[in-house]
Asker: 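Mind having a look at this structure? Questions to follow.
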Amino acid sequence: MADPKGFLTTGREVAKSRPVDERKNDWNEVYVPGSLLPIISKQAGRCMDCGIPFCHNGCPLGNLIPEWNDYAYREDWTAASERLHATNNFPEFTGRLCPAPCESACVLAINQPAVTIKNVEVSIIDKAWDNGDVVPRPPERLSGKTVAVIGSGPAGLAAAQQLTRAGHTVAVYERADRIGGLLRYGIPEFKMEKSHINRRIEQMRAEGTKFRTETEIGRDIDAAKLRRRYDAVVIAAGATVSRDLPVPGRELNGVHFAMEYLPLANKVREGDLTVSPITAEGKHVVVIGGGDTGADCVGTAHRQGAASVTQLEIMPRPGEDRAPNQPWPTFPMLYKVTSAHEEGGERIYSVSTTHFEGDEDGNVQSLHLTEVEFKDGRPEPKPGTERVIPAQLVTLAMGFTGTDRSNGLVDQFGLELDARGNIARDAEYATNVDGVYVAGDAGRGQSLIVWAIAEGRSAARGVDRYLTGASELHAPIRPTDRSLTV
C-alpha cells in the first residue's frame with residue numbers, strides 16, 4: 001500500500017484546465033501542460049490497495065490499478081509503465097478519453113471522492129514516453145502466419161499489436177486516408193492531440209505491423225478474396241452507421257450527422273483543408289444528442305466561432321449524485337459538465353425535435369421542439385410546450401446503430417448478425433466464417449474505448465489459438481461481458 005493514511009489526509013485534486021478564453025482560440029488539449037506531475041504522486045497515494053479492488057470490476061481491461069498507483073506514489077515511473085502496459089496497449093488514449101468506470105467502482109467512492117485513477121494513468125504513460133520507456137517490442141521469431149485487420153480504431157490497433165508481437169505478419173486495412181479510425185477523425189484535437197496516435201503508429205510499424213490506408217474492404221477489395229489471401233481476418237470496422245432523425249426538414253442544407261461534421265474539423269487540423277466545408281462560424285448551432293459525441297460537437301462549434309450553441313437531449317437531466325437505483329459500484333448516470341460545456345452554450349433536457357424550417361434556398365433556419373415526458377418508457381409530447389429556436393447548423397449526435405453494410409463487407413464474407421444487428425461471434429470472438437473474427441463495436445455495438453481495446457486484445461487471443469493451437473496472449477473479457485451498470 002502506498003500511503004496508509006493517504007485517503008484520510010489527501011483530498012482529491014484533478015488536472016487543471018487552461019482558461020476558457022484561451023483554449024477556445026486554439027485546438028490544443030484543454031489541460032495545463034505539466035500540471036499533473038507535481039500533484040499526482042500524492043493523488044496516487046490515496047489508493048487504499050483494497051483487499052478486493054473493485055476498480056478491476058469497473059475496468060474491462062483488468063488494469064492493475066493498485067499496483068501502478070503504488071509505483072506512481074513512489075515515483076518509480078518505469079515500473080509503473082510496465083504494470084500499465086501489461087493490460088493496456090494504449091493508456092495515453094484511455095487516460096484522455098475513457099469516462100473512467102474504474103473510478104465509479106473505486107471503494108473509496110462509497111463515501112469519498114474516488115482516486116483520480118484516470119489522471120494517474122495518463123501521468124504514468126506521458127512520463128514513460130518522456131523517459132524513453134515506450135519502445136518497439138518486435139517478436140523474437142515469426143510464425144509464418146498472416147492476419148488482416150479491417151479497421152484501425154482502438155480495437156483494430158490493439159488486436160494488430162498483440163498479434164504482431166505474437167509473431168504473426170499483420171496488415172491493417174483502413175478506408176480513411178490516415179490510421180486511427182474514430183480516434184483520428186471522430187475525437188477533436190482538444191480532447192486528444194493526434195501526435196499521441198502518430199507515435200503509437202510508429203511504434204507498431206517498428207514492431208512489424210503493416211498499414212494500408214484508403215482501402216475499403218468490400219469496395220476496393222472483395223472480402224472473400226481478402227479471406228483467401230490471409231490465414232485469418234479480424235473485423236474491427238466499428239459501428240459507424242449514425243442514428244438518423246426522420247422528421248420534416250431533415251433534407252435541408254445545414255443538417256448533418258456529427259460524423260460528417262467532426263472529421264472535417266480534424267482534416268483542417270491535419271492541414272488537408274484550409275477551412276471546413278461545414279463550419280459553425282457566425283451561426284446558431286444546435287446539437288441533438290447529449291452524449292460525448294454531442295459534447296465534441298459543442299466544443300468544435302465554440303472553436304469555429306459559433307454565434308450560439310444549444311444542445312438538446314430527449315432524456316431528463318441526470319442528478320449530480322448517485323440515484324438510489326444506481327448503487328456503488330455501478331457506473332451511475334450523472335450530470336456531467338465536460339470541458340466543452342464549461343466553454344458556454346445552453347443545454348436543454350426532456351425535449352424532442354418535431355421538424356426543421358428552412359429559407360427559400362433550402363438552408364435550415366430554425367428548429368421546432370416540444371417538451372416530453374416518459375410514459376411506459378416512451379417519450380410523449382407535452383401539449384402546449386412547443387417552441388422554436390434558431391438553427392443554421394444542426395448536428396445529429398444520437399449514437400450509432402451498427403456496422404456499415406453498404407460497402408458489401410458483411411454480405412461478401414457471408415457473416416451472420418445477432419438480434420441487435422451486430423456481427424455475431426462465439427466465445428472465441430469467431431464469426432460463422434472460418435478464420436474470420438470480430439472485435440470492438442462491430443460485434444459489441446457502440447461502446448467505450450476501454451471496451452474496444454479489451455475486445456481487440458481478447459479477439460487476438462482467439463486468432464492466435466486458431467493459428468497455432470494455443471496462446472499466451474491476455475484476454476481480459478468474453479464477448480458476453482457487459483459493463484457494471486444497472
Side-chain angles (χ1 to χ4, degrees), residues 14-35 92-93 95-97 99 122 176-178 180-198 242 253-313 336-348 363-364 367 389-398 449:
V14 297
K16 291 181 172 61
S17 298
R18 296 188 291 127
V20 167
D21 289 342
E22 173 188 319
R23 68 185 196 235
K24 283 173 64 175
N25 291 316
D26 62 44
W27 293 83
N28 300 330
E29 290 182 8
V30 300
Y31 298 108
V32 176
S35 65
E92 65 270 43
F93 300 168
R96 287 172 167 83
L97 303 176
V122 80
D177 59 346
R178 290 182 176 84
L182 290 183
L183 293 172
R184 174 74 65 181
Y185 287 130
I187 301 297
E189 190 94 348
F190 59 83
K191 285 181 68 175
M192 187 180 75
E193 295 172 11
K194 305 315 170 197
S195 59
H196 301 296
I197 305 174
N198 297 338
S242 299
N253 299 325
V255 182
H256 301 277
F257 289 120
M259 290 312 300
E260 295 172 329
Y261 173 61
L262 294 173
L264 292 171
N266 281 343
K267 281 184 171 292
V268 173
R269 296 296 306 152
E270 295 281 6
D272 297 341
L273 300 170
T274 303
V275 179
S276 172
I278 306 174
T279 180
E281 185 176 1
K283 297 176 181 176
H284 297 290
V285 178
V286 177
V287 178
I288 301 179
D292 289 337
T293 303
D296 293 344
C297 291
V298 170
T300 299
H302 287 320
R303 283 158 180 77
Q304 290 179 340
S308 70
V309 183
T310 305
Q311 187 175 18
L312 308 182
E313 169 59 58
K336 291 198 308 180
V337 179
T338 70
S339 64
H341 297 129
E342 292 173 348
E343 293 162 1
E346 182 181 7
R347 304 165 76 179
I348 306 176
N363 300 309
V364 68
L367 178 151
I389 60 175
Q392 294 155 339
L393 172 63
V394 178
T395 60
L396 307 180
M398 303 179 297
I449 182 174

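Here the structure is a predicted model, which means the values were calculated and not measured. Note that the numbering runs from 1 along the sequence shown for the chain.
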Asker: Can a donor-acceptor pair be found, under 3.5 Å and without considering hydrogens, that links the side chain of Gln311 to the backbone of Arg347?
Answerer: no

Asker: Check step by step if side chain to side chain contact (heavy atoms under 4.5 Å, CB included) holds for Val287 and Leu312.
Answerer: CA-CA 6 Å; Val287 178; Leu312 308 182; over 6 Å; no

Asker: Could you check if a side-chain atom of Leu183 sits within less than 4.5 angstrom of a side-chain atom of His196, using non-hydrogen atoms only?
Answerer: no

Asker: For the CG atom of Asn253 and the CG atom of Leu393, what is their distance to the nearest 0.5 Å?
Answerer: 11.5 Å

Asker: Indicate the atoms forming the closest heavy-atom contact of Gln304 with Ala280, along with that distance.
Answerer: OE1-N, 2.9 Å

Asker: First locate atom CD1 of Ile278, then atom OH of Tyr261, and finally report the distance between them rounded to the nearest 0.5 Å.
Answerer: 9.0 Å

Asker: State, yes or no, whether a side-chain contact exists between Thr274 and Val268 at a heavy-atom distance under 4.5 Å.
Answerer: no

Asker: Calculate, to the nearest 0.5 Å, the distance between atoms OG1 and CD1 belonging to Thr310 and Ile389 respectively.
Answerer: 5.0 Å

Asker: Work out which heavy atom in Ala258 is nearest to a heavy atom in Thr395; give both atom names and the distance.
Answerer: CA-CB, 4.5 Å

Asker: Extract all donor-acceptor atom pairs below 3.5 Å that involve side chains of residues 292-301 and protein atoms in other chains or at least two apart in sequence.
Answerer:
unit_1	atom_1	unit_2	atom_2	d
Asp292	OD1	Lys336	NZ	3.1
Asp296	OD1	Lys191	NZ	3.0
Thr300	OG1	Asp296	O	2.8

Asker: Does the side chain of Leu182 come within less than 4.5 Å of Ile449's, by heavy atoms?
Answerer: no

Asker: Any idea which heavy atoms bring Ser308 and His284 closest together, and the distance?
Answerer: OG-ND1, 2.7 Å

Asker: Quick one: closest heavy-atom pair of Ile197 and Gly180, and the distance?
Answerer: CG2-CA, 4.5 Å

Asker: Let me confirm one number: the CD-CG distance from Gln392 to Leu367, rounded to the nearest 0.5 Å.
Answerer: 12.5 Å

Asker: Determine yes or no for a side-chain-to-main-chain donor-acceptor pair under 3.5 angstrom, with Ser35 supplying the side chain and Val32 the backbone.
Answerer: yes

Asker: Which residues satisfy the salt bridge (Lys or Arg N to Asp or Glu O under 4.0 Å) test with Glu22, sequence neighbours excluded?
Answerer: Arg18

Asker: Looking at side-chain heavy atoms only, is the closest gap between Lys194 and Tyr185 below 4.5 Å?
Answerer: no

Asker: If I compare all heavy atoms of Leu262 with all of Pro188, which pair ends up nearest, and what's the gap?
Answerer: CD2-CG, 4.5 Å

Asker: Kindly give the heavy-atom pair with the smallest separation between Gly186 and Met259, and that separation in Å.
Answerer: CA-CE, 3.6 Å

Asker: Once salt bridge (charged side-chain N to carboxylate O under 4.0 Å, His left out) is applied, what residue pairs with a partner in residues 267-282 remain, sequence neighbours excluded?
Answerer: Asp177-Lys267, Arg178-Glu270, Arg178-Asp272, Arg184-Glu270, Lys267-Asp272

Asker: With the threshold set at 4.0 Å, does a side-chain nitrogen-carboxylate oxygen contact exist between Arg23 and Glu29?
Answerer: no

Asker: I'd like to know if the side chain of His256 and the backbone of Val394 have a donor-acceptor N/O pair within less than 3.5 Å.
Answerer: no

Asker: Would you check, one step at a time, whether the test side chain to side chain contact (heavy atoms under 4.5 Å, CB included) holds for Val309 with His302?
Answerer: CA-CA 8 Å; Val309 183; His302 287 320; 3.8 Å; yes

Asker: Do Glu342 and Val337 come close enough that some side-chain heavy atom pair is under 4.5 Å?
Answerer: yes

Asker: Just wondering, do Val122 and Arg96 contact through their side chains at under 4.5 Å, heavy atoms?
Answerer: yes

Asker: Taking C-beta and beyond as the side chain, do Asn28 and Glu193 meet within less than 4.5 Å on heavy atoms?
Answerer: yes

Asker: Given side chains that start at C-beta, do those of Tyr31 and Lys16 come closer than 4.5 Å, heavy atoms only?
Answerer: no

Asker: Return the CE to CD1 distance between Met192 and Ile187, rounded to the nearest 0.5 Å.
Answerer: 7.0 Å

Asker: To the nearest 0.5 Å, tell me how far Glu189 CD sits from Asp26 CG.
Answerer: 10.0 Å

